[in-house]
Amino acid sequence: MADPRPLWRQAFDSAEKFVGPKLESVVRTDEFARLTALSFQAQAALTRRLNGVTAKLWHLVNLPAGTDVLRLRAQVGALDREVRRLTLRLEQEQQAHRVEERTDDAPDQPDGRPGPHPPRGGTKRAADS
């Protein structure tokens with residue numbers, strides 16, 4: 001019976017059977033772990049250095065660098081959160097003030113309960129009648 005797998009897959013599987021166990025033994029060593037960690041550290045150091053050089057170049061032509069933009073985005077985000085917090089607080093204060101006005105303006109009933117709320121929309125002026 002013919003193998004239903006594509007030819008490229010058959011070639012890959014046969015190569016993997018040969019190379020796989022050898023690679024597994026190398027990957028599981030302490031030396032490989034140390035080498036991998038060292039390569040990540042080197043890459044991070046190079047990235048920091050490159051970012052520093054490019055930031056200086058951008059600043060030389062009086063343009064903001066990526067780090068400047070990130071810092072400004074963080075500041076704008078903090079300001080946005082603060083404005084939202086203050087807006088919610090202001091709305092709560094306005095709501096509490098409206099409730100106080102309604103209870104203060106309504107005449108009390110003889111049994112001490114607050115009376116009906118005054119109609120909304122203000123009073124009629126003589127010119128409107």
Side-chain angles (χ1 to χ4, degrees):
M1 180 164 182
D3 194 349
R5 296 177 299 166
L7 189 57
W8 68 267
R9 181 60 192 234
Q10 293 174 27
F12 175 83
D13 288 344
S14 58
E16 194 267 335
K17 284 180 187 176
F18 177 71
V19 176
K22 293 177 183 178
L23 286 176
E24 269 305 309
S25 65
V26 170
V27 168
R28 294 181 185 265
T29 62
D30 290 338
E31 293 82 18
F32 182 80
R34 278 192 289 273
L35 182 62
T36 303
L38 185 62
S39 68
F40 281 126
Q41 290 172 354
Q43 181 181 4
L46 286 172
T47 301
R48 280 191 304 272
R49 178 78 179 211
L50 182 62
N51 286 341
V53 170
T54 57
K56 287 179 184 178
L57 289 173
W58 284 115
H59 290 153
L60 281 174
V61 293
N62 204 23
L63 290 172
T67 53
D68 300 328
V69 173
L70 289 175
R71 187 175 57 249
L72 288 172
R73 287 181 69 189
Q75 289 176 349
V76 168
L79 285 172
D80 184 50
R81 287 187 295 277
E82 182 68 12
V83 167
R84 287 177 191 217
R85 187 185 66 79
L86 290 172
T87 301
L88 287 174
R89 185 172 170 194
L90 179 62
E91 288 173 355
Q92 291 170 349
E93 292 290 330
Q94 288 174 339
Q95 181 72 19
H97 185 68
R98 276 189 240 123
V99 168
E100 282 179 13
E101 282 181 347
R102 283 190 210 141
T103 56
D104 290 346
D105 291 346
D108 291 338
Q109 295 180 0
D111 60 2
R113 292 182 301 145
H117 296 297
R120 290 188 170 190
T123 59
K124 281 190 158 185
R125 289 185 268 157
D128 292 342
S129 323

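All residue numbers in this chain count up from 1 along the given sequence. Small disclaimer: the values here were computed from a predicted structure and weren't measured.
Under a hydrophobic clustering in which Ile, Leu, Val, Met, Phe, Trp and Tyr are joined whenever their side-chain heavy atoms come within less than 4.5 Å, directly or via other members, L23 and F18 fall into the same cluster. Linking ILVMFWY residues whenever their side-chain heavy atoms come closer than 4.5 Å, directly or via other members, places V53 and L60 in the same cluster.
Nearest heavy-atom pair, R5 versus Q10, reported as atom, atom and distance to 0.1 Å: O-NE2, 2.9 Å. Here the closest non-hydrogen pair linking H59 and L63 is CD2-O, 3.4 Å. In terms of heavy atoms, E16 sits closest to P21 at O-CD, 3.9 Å.
Of the charged side-chain nitrogens involved, none lies within less than 4.0 Å of a carboxylate oxygen, so that D13 and K17 do not count as a salt-bridged pair. Between R98 and E101 there is no salt bridge, since no side-chain N of the basic residue sits under 4.0 Å from a carboxylate O of the acidic one.
The shortest distance between side-chain heavy atoms of L88 and E91 falls below 4.5 Å. D3 places none of its side-chain heavy atoms less than 4.5 Å from the side chain of R9. Using a 4.5 Å heavy-atom cutoff, the side chains of T87 and V83 are in contact.
Considering CG of D30 and CG of L35, their distance stands at 12.5 Å, rounded to 0.5 Å. If you take CG on L86 and CG on L90, they are separated by 8.5 Å, rounding to the nearest 0.5 Å.
Within 6.0 Å of atom CZ in R28, 12 or fewer heavy atoms from other residues, nucleotides or ligands are found, so the atom counts as exposed in its surroundings.
H97 contributes no side-chain N or O that, together with a main-chain N or O of E93, makes up a donor-acceptor pair within less than 3.5 Å.
For the 3.5 Å distance criterion, the side chains of R89 and Q92 fail to qualify, holding no donor opposite an acceptor.
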